[in-house]
Engineer: 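Quick one: this structure, given as structure tokens, is what I'll be asking you about.
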Amino acid sequence: MSMARDERAGLAADLSRLGPDAPTLCEGWTARDLLTHVLLRENDPLAIPGMAVSVFDAVTQARADKMEASGSFEDLVARFAQGPGRFSIFRVPGMDAAANSMEYFIHHEDLLRAQPGWRPRQLGHRAELRLAGIIRKYGRALTRRSPVGVRAEMTGLGDPITLHPGDRIVTIVGKPSEILLLLTGRTSVAQVDVLGEPDTLSEFIRSDHSL
């Protein structure tokens, strides 16, 4: 199985276990809202513009309301677990693995790490290698707003890699999974060390790391 399929299955199981009203790290979202988001993203092209551009918010909200009314929470969880719909672009071979591995890993953690007493999952070396590959591929885009240079030192995976060039540098040290959470704005839960000069660290911490 690809990481996208693994994370889809795990996210579906945890959505079902925790229920529709469980909190998430996404501000203002419950588990129901998160589920609606991932279903719309891969099955309803009309809803996608509003996920990025506020002028389309009303359209996206209307599509979300329609999605939520189409079945019970458990029905929608089961639909998500089955994979993209028949006419979804994510049915194109390779598209699910390419576009959803990071998406579902992050949203799975958004759900799990919002729960009381959460502990980080032990993903295993293979999954961490896949996430390291995502950091290498998308790290420059994920750090594009940083006012200082950024390096990642991924635990057990060799020398640091430069994600964002700069004269003043911070180095993020940790597992690939934890570094990716930091780079996508989950700063309050990412278990990493960020090293650098105090002023440089302060600028980096104040910058926007959201997707």
Engineer: With side chains defined as the heavy atoms from C-beta onward, is the minimum distance between Met3 and Tyr104 less than 4.5 Å?
Structural biologist: no

Engineer: State plainly whether one hydrophobic cluster holds both Leu201 and Val173, where clusters connect Ile, Leu, Val, Met, Phe, Trp and Tyr through side-chain heavy atoms under 4.5 angstrom apart.
Structural biologist: no

Engineer: In this structure, which one of Leu181, Leu11, Val189 forms a side chain to side chain contact (heavy atoms under 4.5 Å, CB included) with Glu109?
Structural biologist: Leu181

Engineer: In Å and rounded to the nearest 0.5 Å, what is the CZ to OG1 distance from Phe105 to Thr184?
Structural biologist: 8.0 Å

Engineer: What do the steps show when you test Leu35 against Val77 for side-chain contact (heavy atoms from CB on, under 4.5 Å), and what is the final call?
Structural biologist: CA-CA 7 Å; Leu35 174 60; Val77 170; 3.6 Å; yes

Engineer: Are the side chain of Thr30 and the backbone of Pro23 linked by a donor-acceptor contact shorter than 3.5 Å?
Structural biologist: no

Engineer: Please check if any side-chain donor atom of Thr162 sits under 3.5 Å from a side-chain acceptor atom of Arg151, or the reverse.
Structural biologist: no

Engineer: What are the two closest heavy atoms between Pro176 and Ala132, and how far apart are they?
Structural biologist: CB-N, 3.7 Å

Engineer: Distance-only, no hydrogens or angles: does the Asp75 side chain make a donor-acceptor pair with backbone N or O of Ser72 under 3.5 Å?
Structural biologist: yes

Engineer: Can a donor-acceptor pair be found between the side chains of Glu103 and His108 at a distance below 3.5 Å?
Structural biologist: no

Engineer: Are Ile135 and Met102 linked, directly or through other ILVMFWY residues, by side chains that come within less than 4.5 angstrom of each other?
Structural biologist: yes

Engineer: With sequence neighbours excluded, what pairs up with Glu203 under the salt bridge (charged side-chain N to carboxylate O under 4.0 Å, His left out) test?
Structural biologist: Arg168

Engineer: Scan side-chain atoms only and decide if Ser16 and Glu74 contain a donor-acceptor pair under the 3.5 Å cut-off.
Structural biologist: yes

Engineer: Are the side chain of Thr200 and the backbone N or O of Gly196 linked by a donor-acceptor pair below 3.5 Å?
Structural biologist: no

Engineer: Measuring only between side-chain heavy atoms, which start at C-beta, is Arg8 closer than 4.5 Å to Arg5?
Structural biologist: no

Engineer: Following the transitive rule for hydrophobic clusters with a side-chain heavy-atom cut-off under 4.5 Å over Ile, Leu, Val, Met, Phe, Trp and Tyr, establish whether Leu15 and Leu25 coincide in one cluster.
Structural biologist: no

Engineer: Any salt bridge linking Arg113 with Glu178? Criterion: basic side-chain nitrogen under 4.0 Å from a carboxylate oxygen.
Structural biologist: yes

Engineer: Would you mind listing every side-chain hydrogen bond (donor to acceptor under 3.5 Å, both in side chains) that reaches into residues 188-199, with sequence neighbours excluded?
Structural biologist: none

Engineer: How far does OG1 of Thr24 sit from NE2 of His107, to the nearest 0.5 angstrom?
Structural biologist: 9.0 Å

Engineer: Do other residues, nucleotides or ligands put more than 12 heavy atoms under 6.0 Å from the CG atom of Asp159?
Structural biologist: no

Engineer: Answer yes when Glu128 and Arg121 have at least one side-chain N-carboxylate O distance shorter than 4.0 Å, and no when they do not.
Structural biologist: no

Engineer: Would you find a donor on one side and an acceptor on the other, under 3.5 Å apart, between the side chain of Arg79 and the backbone of Leu76?
Structural biologist: no

Engineer: With rounding to the nearest 0.5 angstrom, report the CZ to CG distance, Phe204 to Leu195.
Structural biologist: 11.0 Å

Engineer: Atom CG in Leu182, atom OG1 in Thr143: separation rounded to 0.5 Å?
Structural biologist: 11.0 Å

Engineer: Using side-chain contact (heavy atoms from CB on, under 4.5 Å), reason through Thr171 and Val194 one step at a time and then give a plain yes or no.
Structural biologist: CA-CA 6 Å; Thr171 301; Val194 185; over 6 Å; no

Engineer: Do Asp33 and Thr36 pair up side chain to side chain, a donor and an acceptor below 3.5 Å, judged on atom types alone?
Structural biologist: no

Engineer: Applying a strict under-4.5 Å side-chain criterion to I, L, V, M, F, W and Y, I'd like to know whether Ile179 and Leu112 cluster together.
Structural biologist: no

Engineer: Spell out, yes or no, whether Val148 and Ile169 are grouped together once hydrophobic residues are joined by side-chain heavy atoms under 4.5 Å, including indirect joins.
Structural biologist: no

Engineer: Calculate, to the nearest 0.5 Å, the distance between atoms CD and OG belonging to Glu7 and Ser2 respectively.
Structural biologist: 10.0 Å

Engineer: Any side-chain heavy atom of Ser177 within less than 4.5 Å of one from Gln122?
Structural biologist: no

Engineer: Hey, is the main chain of Leu111 close enough, under 3.5 Å, to the side chain of Gln115 for a donor-acceptor pair?
Structural biologist: yes

Engineer: Going by distance alone, is a donor N or O of one side chain under 3.5 Å from an acceptor N or O of the other, for Arg41 and Asn100?
Structural biologist: yes

Engineer: Start with the C-alpha distance between Leu157 and His125, add both sets of side-chain angles, then the distance that settles side-chain contact (heavy atoms from CB on, under 4.5 Å), and finish with yes or no.
Structural biologist: CA-CA 10 Å; Leu157 296 179; His125 186 63; 4.2 Å; yes

Engineer: Nearest 0.5 Å please: distance from the CE atom of Met154 over to the CG atom of Leu131.
Structural biologist: 10.0 Å

